S.K.: 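Below you'll find the structure I mean.
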Amino acid sequence: LRSARPTPPASPLLAPTSADRRLSTVMLDMADVRRIRRTHGGTTNDVLLAVLSGALREWLLARGDRAFAPRALIPVSQRGRGRGAAGNQLSGYLCDLPADEHDPVRPVASVRRQMDENKEAGPGRGSGALPVLADRVPAAVHRLVMPVVGQCAPLLCDTVVTSVPLPSVPLFFDGAALCEVYPVVPLAPGHALGVAFSTYRDTVHVGLHANGTALPDIDLLAEALTGTLVGYLNELCA
């Protein structure tokens, strides 16, 4: 409840739910992401969130919107290695994506600081308490309450950004090599954009899932991701 906002902010990422959908995909070079991480620290996910922040800034300004810092819900897996229990075992962190920052050094530092604070507090605090609590209430209460909570998503965050890592070894299906794989995160009621990263071998595959009525130009955000990664690489690792 402390994490919730009294009213949804004015944000192009928040819009009435529509049946119209757009999906845009893009590939990023994992070697470039790792080079930035080695230079400025943090995790691969921290760098991807910072690059997304820069791309959002470029895209918002190109649309004629104000560059601001949208709040993202970052799902976090609590499943440890060797655990065989069923269920998703998810929690989540909140991170204000610094899309209002022009200097590429600041977004990387800001995301790293926020995510470090989230990890120090633990997954049972803030937004992470929702899925944790869901595992501890009776099923009947869960079925009654969670649809209402879902409708309140804009009070908590502007978008969901998730990361889905795959094994680093080559994968095959009936002898055919897997070349590309794009994750798609569902849109919560009132959300116009969901972002999912999937790392596979030397590539980061990005799926941008949008409310097509609110964001018909989602392909421009995909282009901005590629340009931002190259720009950050040149400025941060020069």
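Note that the structure is predicted; figures quoted are calculated from it, not measured.
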S.K.: Any side-chain heavy atom of Y200 within less than 4.5 Å of one from L178?
M.R.: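 The answer is yes, as the side chains (C-beta and beyond) meet within the 4.5 Å cut-off.
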S.K.: Let me know which of Q114, R106, R112 forms a side-chain contact (heavy atoms from CB on, under 4.5 Å) with S110.
M.R.: Q114
S.K.: When you measure from the side chain of T203 to the backbone of M27, do you find a donor-acceptor pair of N or O atoms at a distance under 3.5 Å?
M.R.: no
S.K.: So, the side chain of S198 versus the backbone of V164: is there a donor-acceptor pair under 3.5 Å, distance only?
M.R.: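 Pair found, side chain donor or acceptor close to backbone of V164.
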S.K.: Heavy-atom distance under 4.5 Å between the side chains of V161 and F197, does that happen here?
M.R.: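 The answer is yes, as the side chains (C-beta and beyond) meet within the 4.5 Å cut-off.
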S.K.: If only atom types and distance count, is the side chain of D217 paired as donor or acceptor with the main-chain N or O of L220 below 3.5 Å?
M.R.: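 Not at all, since once roles are kept as given, no pair shorter than 3.5 Å links the two residues.
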S.K.: Considering only heavy atoms from C-beta outward, does the side chain of V185 approach that of V195 to under 4.5 Å?
M.R.: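 A side-chain contact under 4.5 Å is absent here.
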S.K.: In Å and rounded to the nearest 0.5 Å, what is the OG1 to CG distance from T43 to L48?
M.R.: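 Those atoms lie 8.0 Å apart.
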S.K.: Please round to the nearest 0.5 Å and tell me the distance separating atom CZ of R71 and atom OG1 of T159.
M.R.: 13.0 Å
S.K.: I need the L225 CG to W59 CH2 distance, nearest 0.5 Å.
M.R.: 10.5 Å
S.K.: Out of curiosity, does M115 fall in the hydrophobic cluster containing V33 (side-chain heavy atoms, cut-off under 4.5 Å, transitive links)?
M.R.: yes
S.K.: Quick check against the 3.5 Å criterion: does H191 have a side-chain atom that pairs as donor or acceptor with the backbone of C157?
M.R.: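 Answer holds: yes.
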S.K.: Tell me whether N118 contacts the main-chain N or O of L94 through its side chain, where contact means a donor paired with an acceptor under 3.5 Å.
M.R.: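 At least one qualifying donor-acceptor pair exists.
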S.K.: P154 versus D158: any side-chain heavy-atom pair under 4.5 Å?
M.R.: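 Of all side-chain heavy-atom pairs linking D158 with P154, none is under 4.5 Å.
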S.K.: How close do S168 and R201 get, heavy atom to heavy atom, and via which atoms?
M.R.: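 That would be O-CG, 3.6 Å.
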S.K.: Taking N211 for its side chain and R21 for its backbone only, find out whether a donor-acceptor pair lies under 3.5 Å.
M.R.: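 Checked: no pair found.
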S.K.: Rest of the hydrophobic cluster containing L61 (Ile/Leu/Val/Met/Phe/Trp/Tyr, side-chain heavy atoms under 4.5 Å)?
M.R.: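 Its cluster mates, by chain and number: none.
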S.K.: Would you mind checking if R37 and D46 are paired as a salt bridge, meaning a charged N to carboxylate O distance below 4.0 Å?
M.R.: no
S.K.: Taking the basic N atoms (NZ, or NE/NH1/NH2) and the acidic carboxylate oxygens, is any pair closer than 4.0 Å for R22 and D20?
M.R.: yes
